[in-house]
Amino acid sequence: ERNNAGFAVERCADTERGDWERRGFVPAVIASTGQRDYQYTDDLLAHPAAGPRLLYRLRQIDTDGSETLSPSIEVNIAAASFEILSIHPQPSRGDVWVSMRMPEDGDVALFLSDAAGREVPEHRRNIHFAAGTHLLRLDGPELKAGMYFLRVLHREVVVVRSMIVE
């Protein structure tokens with residue numbers, strides 16, 4: 001590698017519009033004479049994408065400012081399993097917000113139970129979601145103070161998270 005300043009990592013979440021954003025920069029190893037391996041990890045939880053299909057490319061930047069683009073590659077994060085990203089606020093005195101990621105379109109069943117395992121029937125829901133990240137509101141003022149467990153089923157995946165209501 002000669003005159004290589006480094007690599008800008010770019011991501012495109014909206015493949016129809018082709019809007020590329022710089023996700024990070026990996027500096028080149030100075031005075032490298034052999035092959036080098038570089039790596040970059042995109043923090044998808046801190047900066048979620050619009051959907052399950054992403055494009056990535058590298059912009060190799062030389063020390064003189066010239067640039068070369070790599071071909072883009074497609075990364076499909078839909079293969080990841082369903083997950084609850086957060087339940088907030090914790091503890092809650094009002095409405096509770098559940099952030100979840102769906103790997104694909106599908107049905108989700110939600111069950112809320114108290115610490116003794118008794119289901120809260122008003123919070124039992126079956127909802128169809130498209131693939132992507134979603135925010136769901138649970139009516140908190142109806143709940144008595146205490147610990148609750150939210151159980152969410154999507155296909156064969158069951159996720160359980162605790163939440164506290166004051």
Side-chain angles (χ1 to χ4, degrees), residues 1-92 94-110 125-138 140 149-164:
E1 296 177 13
R2 293 181 192 204
N3 303 318
N4 182 12
F7 303 91
V9 179
E10 298 178 345
R11 178 178 87 182
C12 178
D14 187 345
T15 56
E16 291 189 17
R17 289 191 344 195
D19 293 337
W20 290 90
E21 65 175 321
R22 183 177 278 195
R23 303 296 298 154
F25 183 80
V26 179
V29 176
I30 307 284
S32 173
T33 58
Q35 179 178 338
R36 291 287 188 188
D37 293 323
Y38 296 93
Q39 71 178 27
Y40 174 81
T41 302
D42 192 3
D43 188 354
L44 293 173
L45 295 180
H47 304 281
R53 186 173 165 253
L54 303 172
L55 296 176
Y56 284 89
R57 69 182 180 193
L58 295 177
R59 182 178 299 271
Q60 190 267 317
I61 304 169
D62 287 337
T63 54
D64 66 3
S66 61
E67 301 176 347
T68 305
L69 281 176
S70 72
S72 61
I73 62 165
E74 182 176 328
V75 176
N76 189 348
I77 59 172
S81 66
F82 165 81
E83 61 183 320
I84 294 177
L85 302 174
S86 67
I87 298 177
H88 58 279
Q90 285 274 14
S92 172
D95 290 340
V96 177
W97 295 91
V98 180
S99 175
M100 63 184 84
R101 180 175 298 142
M102 295 287 295
E104 59 200 1
D105 294 1
D107 296 322
V108 170
L110 292 98
R125 298 185 192 172
N126 291 306
I127 305 171
H128 183 82
F129 287 110
T133 302
H134 301 277
L135 196 59
L136 176 69
R137 182 179 61 85
L138 300 178
F149 295 96
L150 177 66
R151 185 169 42 116
V152 183
L153 290 81
H154 171 66
R155 300 193 186 239
E156 68 279 352
V157 177
V158 179
V159 179
V160 179
R161 295 286 186 269
S162 63
M163 57 185 246
I164 297 173

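One is the number of the first residue; the rest follow in order along the sequence.
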Closest heavy-atom pair and its distance - Gln90, Ile164: OE1-N, 3.0 Å
Test side chain to side chain contact (heavy atoms under 4.5 Å, CB included) applied to Leu136 and Leu110, step by step: CA-CA 11 Å; Leu136 176 69; Leu110 292 98; 3.3 Å; yes
Glu10 side, atom CD; Leu69 side, atom CG - distance, nearest 0.5 Å: 6.0 Å
Shortest non-hydrogen contact from Phe25 toward Ala5: CZ-O, 3.7 Å
From CZ (Arg101) to OG (Ser86), nearest 0.5 Å: 10.5 Å
Backbone of Val96 reached by a side-chain donor or acceptor of His88 within 3.5 Å: no
Residues Arg161, Val98; criterion side chain to side chain contact (heavy atoms under 4.5 Å, CB included); working and verdict: CA-CA 10 Å; Arg161 295 286 186 269; Val98 180; over 6 Å; no
Nearest non-hydrogen partners of Tyr38 and Val29, listed with the distance: OH-N, 3.1 Å
Minimum-distance pair of heavy atoms, taken over all atoms of Met100 and Phe129: SD-CE1, 4.0 Å
Nearest-0.5 Å distance, CG of residue Leu138 to CG of residue Leu150: 6.0 Å
OG on Ser70 to CZ on Phe7, rounded to 0.5 Å: 9.5 Å
Rounded distance (nearest 0.5 Å) linking atom OH of Tyr40 with atom CG of Leu58: 11.5 Å
Ser66: side-chain contact (heavy atoms from CB on, under 4.5 Å) partners, not counting sequence neighbours: Asp62, Asp64
Nearest non-hydrogen partners of Ile87 and Ser162, listed with the distance: CD1-O, 4.2 Å
Minimum heavy-atom distance between Phe82 and His154, given as atom pair plus value: CB-CD2, 3.8 Å
Those residues that, when tested against Ala130, pass side-chain contact (heavy atoms from CB on, under 4.5 Å) (two or more places apart): Asp105
Derivation and outcome, side chain to side chain contact (heavy atoms under 4.5 Å, CB included), residues Arg151 and Val158: CA-CA 7 Å; Arg151 185 169 42 116; Val158 179; 3.8 Å; yes
Counterpart residues, salt bridge (Lys or Arg N to Asp or Glu O under 4.0 Å), relative to Asp95 (two or more places apart): Arg137
Interatomic distance, Leu55 atom CG to Arg11 atom CZ [nearest 0.5 angstrom]: 11.0 Å
Full working for side chain to side chain contact (heavy atoms under 4.5 Å, CB included) between Asp107 and Asn126: CA-CA 7 Å; Asp107 296 322; Asn126 291 306; over 6 Å; no
